[in-house]
Amino acid sequence: MAIKVTPYYDMVKLRGKIWYVYMALFWVMGTAMAQDTTSIEENLLKTFRDTPGAVDKFDFFFNRINRYNENSAYDWLDTVNVYLNSAEKTKDSAAIERYKIMQSQIYSDLGDYDKSLAIANELYGEKEKLGFNSKRILLDLMDDNYAQLQFYDKQLEVRTAKKELGIIENIAFYDIYSNLGLHRKAMNDYIMEVKKNIEDSDLYGLAEYNNNVGNYLRLDKSASVALANLKKAKGYIDVFLNDISDVKTEKEIVEGKLLKGIIEGNIGKCHVQLKQYEEAVPYLENAITTITENNGGKYSLDIIENSLDLADCHLQLENYRMAREYLNTDLNLSKTEHVLKRNRLFAAYYDRVEDFRNSTFYLKKNIRIRDSIDTNDTSLKKQQLQVVAEYDLANSRKKIDEQKLEMERARSEMQAKDERINLVFISLIFTLLGFAGLVYAYLKSIKNQRLIAEQKHIIENSLVEKDSLLKEIHHRVKNNLQMVSSLLSLQTKNTRSKAAIEALEEGKSRVKAMALIHQKLYQHDDLSVIEMQGYIESLVNSVQSVFKKGGHNINITIDAEGVELDIDRAIPFGLILNELVSNSFKYAFPEDDENGKIYIHLRKNGEQGFFEYTDNGVGLPEDTDERTNSSMGIRLMNRLVNQLQSMLNIDKTAEGVRFWFNFN
């Protein structure tokens, strides 16, 4: 019987045909499943309405990543608002909480980050009433919203809260550094933080990792190097999506396709940087299509950036009609950089088609936008970078301290183990000697304990006497300062000059602020520090009593709980606060506005401290800088802040006025 031997290449062809048959079958099955899914998606909003109770509606809402596929976010918002109004009428606090969280999420999905953040902050203000899941969702929302609004210091506060709750293990800084323009540092930190946690079998994680590294390189103007990482990322995500042996959920498939769209968009943007416009176009077009299909109707910055780059490509390739179509697309631009880029592309387009009037119009628009961005933006960015760097440094120090403690603990355990082993040998050899030593040590310890008890008694008596003397000194200093205040009051009654009376009253107020320091010291068990929350409240009440008419209409918030300062720093703080509160009562609210608000914030984190004072009054006059040299109050505050080795900052751009400074 003859045996037919099949050549190797025929076997390869046969296997290829079988593979194509399997792929065709899976495609048919996937199409059928997609059709079933579509029929379900069409009724998601109706299913939401039919779901009983706020708890089940809440779970349904956050478990549907494709909720906006058939019904827009505005339709969902209208529906949620109806249920929220109903819950508010019945005063169902649990339902109100859940519907407001859904409302905040929808506003974030629509790109209205301010409104989303306002709702989230209001809810998180009563966090003790929230469950863990609600806190997690709100903190994630606040994290994303602060990132979009470029409030990176607030973003780090949110991440600190997430770490304290156990939502995250470590506070990430790399994305914030990238948003602040430090893309290379962001990439290095990201590699150190993330790479060690990704397993070789995690294809999605490897794709996401290589995409982020490539994107940091692209943002750092290293497009050619970035392409290598991005193409590697595309290879991983293609294998992930095409691996039929690994059963995936619908959410995992959608997230995989969305990541693929983002990766292709980043590859296209790299080609644009390299002026390879023809190569960039198909990647950017595929990216827009893929992201649109899998983003679930949410606001997407990737679609905006890819559309603008596509317009740039068609402009460079002289496809002016296509360039104009992409430029005229309603992209709902929210970032200034995107508005500037579109105006620049419009100007270039009209210049190419020789419509110089419109070209000039868009160039002038960009000039006006750039002129409106004053140096405050740069200053604010520097401040935010400083805060982030301080957070990062503190976090690094904390990690180093934890590692040192861990090493010290391990070393102590090893030393203890060695000591136990040595002790066993020594005890076997010198049992009798050890027993004699114990007896001797016991007798000696009795004698030492007697000596220690006597010395302790003497020391305790000395400390009690010292505390009594210190309290008496502070009490007498307070009484003397009150006598000075009384003398100033008598002098005020005998003075007719209005200017002199005002000067004496200001001096009396400052003396009272110092007297209050000494009063708090002798009333406190610890004579070395002052509890600032109580001191500030007493100081504000003292100043408020002077301005009886207007002072009581002002809502004053003091946030200094748990902060303690020594007398050398407490006295400058007291005098600074005295000046600020007095000025607010005298000048900030001339109409006796009942909506007047004062906010005092004092924080001390280790060696670093931060002070902030704001009110929503009429603000400082335009010639404040000219008055600085002649104003006693401002000069006094500057000197006091200098004593604290810091510099006083004044913000006049916001409503009212804001003073702040850091201190050691």
Side-chain angles (χ1 to χ4, degrees), residues 390 470 473-475 477-478 480-482 484-485 488 503-524 526-544 546 556-586 588 598-615 620 624 627-651 657-664:
E390 289 172 356
L470 281 174
I473 289 169
H474 285 300
H475 192 238
V477 171
K478 189 267 290 188
N480 289 337
L481 289 172
Q482 284 186 337
V484 172
S485 178
L488 290 173
L504 289 169
E505 287 292 340
E506 289 177 354
K508 185 171 71 172
S509 179
R510 292 162 185 153
V511 169
K512 281 185 176 180
M514 290 188 289
L516 189 58
I517 292 282
H518 293 281
Q519 179 180 337
K520 291 292 181 182
L521 276 172
Y522 76 73
Q523 289 176 348
H524 199 267
D526 188 350
L527 295 174
S528 63
V529 295
I530 297 169
E531 196 277 310
M532 295 304 292
Q533 178 76 20
Y535 171 70
I536 294 173
E537 291 173 355
S538 301
L539 178 63
V540 170
N541 289 334
S542 175
V543 178
Q544 196 174 32
V546 178
I556 302 173
T557 302
I558 301 170
D559 181 17
E561 196 68 40
V563 178
E564 294 181 339
L565 297 178
D566 56 54
I567 189 171
D568 292 332
R569 284 183 288 185
I571 287 178
F573 263 108
L575 293 172
I576 291 167
L577 265 175
N578 181 74
E579 294 297 320
L580 292 172
V581 176
S582 299
N583 285 339
S584 291
F585 285 162
K586 286 194 289 185
I598 293 175
Y599 176 68
I600 301 170
H601 175 74
L602 180 62
R603 275 287 169 269
K604 189 82 167 59
N605 185 10
E607 296 298 322
Q608 296 295 322
F610 177 73
F611 171 77
E612 180 183 19
Y613 178 95
T614 61
D615 69 44
L620 295 174
T624 302
R627 294 187 182 184
T628 300
N629 296 327
S630 61
S631 171
M632 172 66 178
I634 295 179
R635 282 189 292 147
L636 176 61
M637 285 193 290
N638 278 317
R639 290 183 180 180
L640 292 168
V641 174
N642 286 338
Q643 288 183 24
L644 297 170
Q645 297 180 346
S646 186
M647 184 175 69
L648 182 65
N649 299 286
I650 305 174
D651 186 1
V657 66
R658 175 174 177 251
F659 297 84
W660 79 96
F661 59 85
N662 297 306
F663 65 92
N664 296 322

Looking at CD1 of I600 and CD1 of I558, how far apart are the two atoms once the value is rounded to the nearest 0.5 Å? 5.0 Å
Output for pair (Y599 OH, T557 OG1), nearest 0.5 Å, gives 8.0 Å
Do you know the tightest heavy-atom contact between P572 and Q643? CG-OE1, 3.7 Å
Between V641 and L648 the two heavy atoms that sit nearest each other are CG1-N, 3.5 Å
How close do Y613 and L580 get, counting heavy atoms only, and between which atoms? OH-O, 3.3 Å
Could you tell me whether a side-chain N or O of D566 sits under 3.5 Å from a main-chain N or O of R569, the two making a donor and an acceptor? yes
To the nearest 0.5 angstrom, please state how far the CG atom of L577 sits from the CG atom of L539. 6.0 Å
Taking all atoms of both residues into account, what is the closest heavy-atom pair of E531 and E564, and its distance? CA-CG, 4.2 Å
Hey, does the side chain of K604 reach the backbone of G606 with a donor-acceptor pair shorter than 3.5 angstrom? yes
Rounded to the nearest 0.5 Å, how far does CD of Q533 lie from CG of D559? 7.0 Å
Tell me if the centroids of the rings in F573 and F611 come within less than 6.0 Å of each other. yes
S582 and N578 have their tightest heavy-atom pair at OG-O, 2.7 Å
Looking at R603, I want to see if its CZ is surrounded by more than 12 non-hydrogen atoms of other residues, nucleotides or ligands under 6.0 Å. yes
Are the aromatic ring centres of F610 and F663 under 6.0 angstrom apart? no
Does F661 offer a backbone N or O that forms a donor-acceptor pair with the side chain of N649 under 3.5 Å? no
Check step by step if side-chain contact (heavy atoms from CB on, under 4.5 Å) holds for L565 and I530. CA-CA 5 Å; L565 297 178; I530 297 169; 5.7 Å; no
Counterpart residues, salt bridge (charged side-chain N to carboxylate O under 4.0 Å, His left out), relative to E612 (two or more places apart): R658
Residues, nucleotides or ligands: over 12 heavy atoms within 6.0 Å of N605 CG: no
Looking at every non-hydrogen atom in both residues, tell me the closest pair between I536 and A560 and how far apart they are. CD1-CB, 3.9 Å
Does any donor atom in the side chain of D615 or S584 lie under 3.5 Å from an acceptor atom in the other side chain? yes
For S646 and N662, indicate whether the former's side chain and the latter's backbone hold a donor-acceptor pair under 3.5 Å. yes
Could you grab the distance from atom CZ of R639 to atom CG of L644, nearest 0.5 Å is fine? 15.0 Å
